[in-house]
Number of protein chains: 2
Amino acid sequence: MKPKLTLKDIARELDVSISTVSKALKNSEEISTDTKEKIQAFARLYNYKPNNIAISLKNKRTKNIGVIIPDIVHHFFTTVFRGIEKYANQRGYNVIVCISDESFDREVINMELLANGSIDGFIMALSAETQKRQDFNHLREVTEQGIPLVLFDRVTDQIACDKVIIDDEAAGRDATRRLLESGRRRVALFTTQSYLNVSAKREVGYRKALEAAGLQVDPELILRLPYQYEEEQASEAFFKSRKFDAVLCVNEIFAIRGMRLAIKLGLRVPEDVAFIGFTDGILSRYSTPSLTTVDQRGEAMGERAAEMLIQKVEDRFDEADPTQFRTEVIPVQLIERESAVLGKPTKADG
Amino acid sequence: MKPKLTLKDIARELDVSISTVSKALKNSEEISTDTKEKIQAFARLYNYKPNNIAISLKNKRTKNIGVIIPDIVHHFFTTVFRGIEKYANQRGYNVIVCISDESFDREVINMELLANGSIDGFIMALSAETQKRQDFNHLREVTEQGIPLVLFDRVTDQIACDKVIIDDEAAGRDATRRLLESGRRRVALFTTQSYLNVSAKREVGYRKALEAAGLQVDPELILRLPYQYEEEQASEAFFKSRKFDAVLCVNEIFAIRGMRLAIKLGLRVPEDVAFIGFTDGILSRYSTPSLTTVDQRGEAMGERAAEMLIQKVEDRFDEADPTQFRTEVIPVQLIERESAVLGKPTKADG
DNA sequence: TTGTACGCGTTATCAT
DNA sequence: ATGATAACGCGTACAA
């Protein structure tokens with residue numbers, strides 16, 4: 001077991017000073033060709049690699065970025081994470097992930113831990129609990145320290161920082177409109193019970209689309225489910241007591257479970273009921289029937305978030321002026337598959 | 001924008017020495033109650049938090065663990081990651097993830113980068129390319145430096161380190177046996193083309209089960225697909241030219257796609273063809289019909305791997321003797337759903 | 001009870 | 001061309 005070689009080790013072996021070694025390894029002009037070659041050869045031979053931690057301490061930058069997400073099993077976050085990791089890695093940054101598990105406390109603890117020097121900046125999506133309590137002090141503390149922060153998907157107006165989102169309202173509206181245009185008349189909504197920004201916005205879009213088509217919003221057609229629901233009673237009762245010919249679901253799992261239940265109850269998809277979901281995950285692609293869905297462009301969001309963050313990090317390092325904060329809207333895309341057959345869109349929305 | 005407070009700052013403000021501050025904040029007996037209270041109050045007021053990097057440098061331990069996985073979109077790795085993160089976090093460790101994307105080079109680069117002080121130990125599953133080339137020098141280098149390493153799922157005999165695996169051969173054998181016991185006679189195998197250890201072992205199990213039942217292995221019934229295949233021609237041809245009443249698939253996606261195709265070709269699942277897959281992901285649970293599958297216990301594997309790693313890390317830190325390496329076999333579980341109806345198992349295998 | 005000095009590994013500045 | 005010194009932030013053995 002050979003411990004890591006340090007500059008000091010090399011200096012001792014070669015009987016020169018530490019700073020000579022340091023300079024030689026950076027090919028400094030100050031050092032004679034002879035000694036440089038000798039030192040470099042030795043370093044190569046024994047596979048010298050500088051210690052990241054020491055460099056971090058010296059430079060006050062870690063080349064790590066902290067990612068805090070509510071959940072990794074949800075496919076959407078996985079793809080965002082993939083986008084972040086891909087871009088960051090390409091730029092020489094590593095990614096430290098913490099999963100808040102939708103818990104406010106875990107979000108705060110992890111954030112404070114990482115903020116103490118472990119990372120150069122944060123990328124995060126707020127936990128459900130955080131959105132519920134509307135308590136953003138931990139974010140504020142971090143930004144006040146000058147640590148760059150990029151929020152994605154689950155964001156808040158309360159914090160001034162870069163943001164990457166999709167236009168959830170427009171996406172909800174367009175999906176609903178497309179259902180109406182394809183001849184559906186009673187469109188139900190399966191959404192979450194809770195305080196998720198994104199769900200709320202999609203619901204607004206849903207309502208607007210109905211109103212724009214001159215239809216009443218029937219509260220009876222809105223089903224609010226627990227975020228991670230497992231039993232099917234609520235939805236089964238819903239199916240049996242209401243008539244509708246289409247469903248907009250705020251996520252993929254609600255859609256898949258809905259379809260499954262519909263089929264079990266003897267309905268045909270999409271003939272009797274059409275389904276549109278959110279999140280283009282593996283479930284959407286591989287389900288039977290496959291799911292027509294709003295692609296949230298997770299990987300693109302992740303890449304863009306990482307790009308924005310790294311730019312801020314390097315600006316700060318180069319003492320560039322703190323350019324203003326931007327909110328980037330990633331265009332979504334409706335992917336048509338089997339669960340809802342749509343015509344061509346009649347008009348483009350913004 | 002207020003930069004982080006350091007011990008030095010506090011010392012200056014309170015006109016004491018740095019070490020007094022340091023000791024006071026650790027409640028050392030050496031310091032008078034007066035000064036301790038004064039210093040602690042000040043630190044609390046201005047929210048002093050020690051700098052992780054400085055502590056890492058001093059202690060030669062980072063409280064970070066490096067995780068290198070081939071892919072995060074594959075649900076199995078996601079769940080393992082979740083298990084790792086959960087346990088590590090609980091023990092006060094953070095997780096740095098790198099995705100090798102099945103590439104040997106990316107695996108090597110990331111590993112070397114992290115090995116230079118950024119982490120206290122590694123948890124990883126080998127990339128497909130690494131398994132193909134059978135080149136493990138990067139792993140050897142790391143273990144020779146005394147950095148603890150735990151391999152999971154995709155492991156190799158070539159490296160002496162802790163390992164966490166499932167018994168893939170037994171799992172393949174048992175699944176096949178159960179199909180045979182339920183009356184199936186011609187069991188096909190959908191496996192990967194390549195050099196994945198796990199696929200190979202599952203195939204061995206498949207063969208043994210057939211032989212144990214006195215059946216010939218028919219090479220015609222083995223379909224080898226590219227790892228991330230997207231077209232369905234190969235499998236469609238396979239379906240049309242062969243007769244079989246059951247399929248064992250080495251992963252979830254192969255199974256889902258296979259079922260989909262079978263249904264498209266007019267077969268009933270499970271009546272005409274039964275399917276068993278590997279990996280109990282969301283696809284298995286939510287597909288129609290839902291998939292009977294071998295649960296690889298990803299989260300359990302992750303937790304166990306993290307536990308083994310952290311133990312080695314702390315042993316090393318406490319200069320405990322390097323206890324021998326262990327290979328832990330996580331018991332798998334056959335989850336029966338709709339795609340294959342099995343009877344009770346007749347005998348337990350080891 | 002408090003402070004000084006040193007070390008962790010590196011780099012940058014200033015002497016020699 | 002080379003080396004000594006200080007600094008990054010912290011902890012600790014030792015000195016006062």
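Because the structure is a prediction, the values reported are computed rather than measured. Numbers restart at 1 for each chain; the letters A, B, ... are given by sequence-line order, proteins then strands. Values below: every heavy atom of this structure, side chains too, minus hydrogens, waters and symmetry copies.
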(Q) With a 4.0 Å limit, can you tell me whether A:S32 has a side-chain N or O closer than that to the phosphate oxygens OP1/OP2 of D:dT2? (A) yes
Q: Identify which nucleotide among C:dC8, C:dT10, C:dT13 has an atom closest to any side-chain atom of A:K23, counting heavy atoms from C-beta outward.
A: C:dT13
Q: Classify the nucleic acid contact of A:L7 as base, sugar-phosphate or nothing, counting any heavy atom under 4.0 Å across all strands shown.
A: base
**Q.** Nearest listed nucleotide, side chain of A:Y48, among C:dT4, D:dC10, C:dT10
**A.** C:dT10
Q: Could you go through the side chain to side chain donor-acceptor pair (under 3.5 Å) check for A:E107 and A:S127 one step at a time?
A: CA-CA 7 Å; A:E107 187 175 294; A:S127 78; 3.3 Å; yes
Q: Please work out whether the ring planes of B:H138 and B:F104 are parallel, tilted or perpendicular, with thresholds of 30° and 60°.
A: perpendicular
Q) Of the nucleotides C:dT2, D:dT12, D:dT2, which one has an atom closest to the side chain of A:E30? A) D:dT2
(Q) Does C:dG9 have OP1 or OP2 under 4.0 Å away from a side-chain N or O of B:K60? (A) yes
Q: With the side chain of A:T20 defined as its heavy atoms from C-beta on, choose the nearest nucleotide among D:dT12, C:dT10, D:dG3.
A: D:dG3
Q: Would you mind classifying the nucleic acid contact of A:T35 as base, sugar-phosphate or nothing, using non-hydrogen atoms under 4.0 angstrom?
A: sugar-phosphate
(Q) Before you tell me yes or no, could you show the steps for A:K312 and A:D315 under salt bridge (charged side-chain N to carboxylate O under 4.0 Å, His left out), namely the whole-Å CA-CA distance, both residues' side-chain angles and the distance that decides it to 0.1 Å? (A) CA-CA 5 Å; A:K312 276 280 193 301; A:D315 276 1; 5.8 Å; no
Q: Just call it for A:T6: base, sugar-phosphate, or nothing, with non-hydrogen atoms closer than 4.0 Å on any strand.
A: sugar-phosphate
Q. Nearest heavy-atom pair of B:L126 and B:R154: which atoms, and what distance?
A. O-NH1, 2.8 Å
Q: Check whether any side-chain nitrogen or oxygen of A:K58 sits under 4.0 Å from OP1 or OP2 of D:dA6, and answer yes or no.
A: no
